[in-house]
Amino acid sequence: MTTYTVINPATEKPVEDVHEATVEETDAYVERAHAAFPAWRAVPPGERAALLRRFAAVVDAHVEELAEIEVRNAGHTWGNATWEAGNVRDCLNYYSAAPERLFGRQIPVAGGIDVTFHEPLGVVAVIVPWNFPMPILGWGMAPALAAGNCVVVKPAELTPLTAIRIGELAREAGLPDGVLTIIPGKGSVVGERFVTHALVRKVAFTGSTEVGKRIMRGCADQVKRCTLELGGKSANVVFADADLRAAAGAAPYAVFDNAGQDCCARSRILVERSAYDEFLGLLQEAVQGMRVLDPADRASEMGPLISAQQRDVVQGYVDEVEVAFTGPAPDGPGYWVPPTVVLAESTEQRIWREEVFGPVVAVLPFDDEADAIAMANDTEYGLSGSIFTGDVGKALRVARGIEAGNLSVNSNSAVRYWTPFGGYKQSGLGRELGPDAPNAFTEEKNVFIAH
Ligand code: NAD
C-alpha cells in the first residue's frame, strides 16, 4: 500500500499519511459511480436541489474546521482558507437552484413539435491542482452534481485533506453512495485512469498547461469531453490617469495573494511611462507593508509556498534577474519567498514570459493604449487581467482589446461563482462557473414529435 505524507509548508512538519489509490482501486470507484448513476439521475429535480442545499449547510457548519485543515495542509492564510471553504458552500447553494432550471427549448418546426433536453453525461471526473484545493473542487463538483452526474475527484497529491473531508460531509448530508467519490492518488495513476477509463465521460481539469495538453490528447481517443483551466501570465495595466495610490495599493494583492500560486496572478505590471516612477514608489510602500506571517495568524496576508520544490523553482527565476525591492518574509522553517518586484529589461526575459507561480512580479513601462494592449497580448496565455484608469471609455476599449477570459477594471477581482470563468489561448478550453456551468456537464438532446 503506498501512502503520501502531507507536509505543513509553514512548519515543514508531517501532518498526516494519505493512502494513494491504485489503478485497480480507481476502476472499482469509477464502476461504483457508474452503478450509482441511474438512481441519481432519476432523483426528482426538487429532491436533488434539496440534497445539494443540505450538503451546502453541512459544509457551512464545518467552515472553520475545513479552513483549519487548509491552513495546515496548503499554508493558506486563515482569511483565504475561510473564504475558500465558504466558496464551496456558496457554489453548492448557487447550483442547488439548477436542477429545477435545467431548461430545454421548444423550437418551431413544421409537422410536429421539437424539444430539447439537457441530459447528464454519467460519471464525470474532476482533477484538482494544489493551489486552490477547495474552490476548484467546488467549481467542478457542484454544477456536475446539479446536472445529475456522478462525480469522481482526484485532489492534488500535495493537498488532499480538505477534499477527503468534503467527501465525508457529502455522505453526512445524505448524498447516496457513489454519487461523489474522492480518490486521492498520483496524477500519473488516478488522473491518467480518468482519461483512459471508458465509463468516465468527461474530465474537468485544472492545472498546468503541460498536463492539460496531455489530457486533451488522451481524451481524443474516446472523443471524451474535457474542460481545461490552465496557466496564466496576466497583465495589470495601469494608465497615468488612474488613481495611482489605489492601483499601487491593489497590485500586490493581485499577484502575491496565495503567495502568487494563482493562475489569475497579475504577474506582469504594465505602467504608462509618464506615471512609472510615481507608481513604483507607491508600489514599494504597499509591498513593504504586506503582512507576510505564519498563515495560522489571523492577520497574515501571505503564507509560504506549497513545497520546497516550488520554492526552489521560484527562487530559480529570482536568481537570474535583478530584484528592485521585496516585502518581508519570516525567518526559520517554512517554504518562504518574500513578495518580490523585478523591473524587467525586456519582454523576452523568462520572468516576463513564463508563469512563475510564486510571489514575483515583473514591471515594464508602456507608451500608449495600443502599446499596452499589444504588450498585454504578447503571451501564449489569456486568463485574466486588470486595467486601472479614470476613463471609462478607455477601460472598455482596453478590456475588449485584451485576449483574456476575465478582466477587471479598477479592481483585482474577477472570479465569482455566478459569473463565467476560463481562459483564452493556452489558458484553457471551455468555461466554468456562472449560470451555464451545469449545461457543460450535459449533452443536449433534440426530439421531434410528428403531429
Ligand atoms: P499539475 O498540472 O501538475 O497538476 C494538476 C493536477 O493534475 C494534479 O491533481 C495532478 O496530480 C494531476 N495530474 C498530473 N499529471 C497528470 C496526468 N498525466 N494525468 C492526469 N492528471 C494528472 O498542476 P499543479 O502544479 O498542481 O497546479 C499548478 C498549475 O495549475 C498552474 O499552471 C496554474 O496556473 C494552474 N491553475 C489553473 C487554474 C485555472 O483555473 N485556469 C486554476 C488553478 C491552477
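Numbering of ligands and ligand atoms starts at 1, following listing order.
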Counting each atom of ligand 1 from 1 as listed, which ones have a heavy atom of [X] under 4.0 Å away?
X	value
L383	41 (N)
E229	37 (C), 38 (C), 39 (C), 40 (O), 41 (N)
E157	10 (C), 11 (O)

[atom] - nearest protein heavy atom and its distance:
atom	answer
atom 17 (C) of ligand 1	G187 O, 3.5 Å
atom 39 (C) of ligand 1	C263 SG, 3.1 Å
atom 43 (C) of ligand 1	N131 ND2, 3.1 Å
atom 37 (C) of ligand 1	L230 O, 2.9 Å
atom 16 (C) of ligand 1	V211 CG1, 3.5 Å
atom 25 (O) of ligand 1	W130 NE1, 3.1 Å
atom 9 (O) of ligand 1	V128 O, 2.7 Å

(request) Verify side chain to side chain contact (heavy atoms under 4.5 Å, CB included) between H197 and D27, making sure each step is shown before the conclusion. (result) CA-CA 8 Å; H197 202 303; D27 284 357; 3.2 Å; yes
Within-shell test, [X] vs ligand 1, heavy atom, strictly < 4.0 Å:
X	result
F205	yes
V203	no
V195	no

(message) I need the L121 CG to R201 CZ distance, nearest 0.5 Å.
(response)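 Result: 8.5 Å between the selected atoms.
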(request) Please work out which of Y381, F421, F357 has its closest non-hydrogen atom nearest to atom 31 (C) of ligand 1. (result)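 Nearest heavy atom to atom 31 (C) of ligand 1 lies in F357.
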(message) Please compare G423, A125, S208, G191 and report which has the shortest non-hydrogen distance to atom 1 (P) of ligand 1.
(response)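 The nearest heavy atom belongs to S208.
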(message) So, applying salt bridge (charged side-chain N to carboxylate O under 4.0 Å, His left out) with E192, which one of R214, K154, K186 is it?
(response)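 By the salt bridge (charged side-chain N to carboxylate O under 4.0 Å, His left out) criterion, E192 pairs with just one of R214, K154, K186: R214.
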(request) Could you tell me whether T206 approaches ligand 1 through its side chain, its backbone, both or neither, with non-hydrogen atoms closer than 4.0 Å? (result)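 Both backbone and side chain.
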(request) Give me the one residue out of V190, I136, V203 that meets side chain to side chain contact (heavy atoms under 4.5 Å, CB included) with I127. (result)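 With I127 as partner, V190, I136, V203 yield a single side chain to side chain contact (heavy atoms under 4.5 Å, CB included), made by V203.
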(request) May I ask you to check whether F239 and F279 place their ring centres under 6.0 Å from each other? (result)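 No, the ring of F279 stays outside the 6.0 Å limit from the ring of F239, centre to centre.
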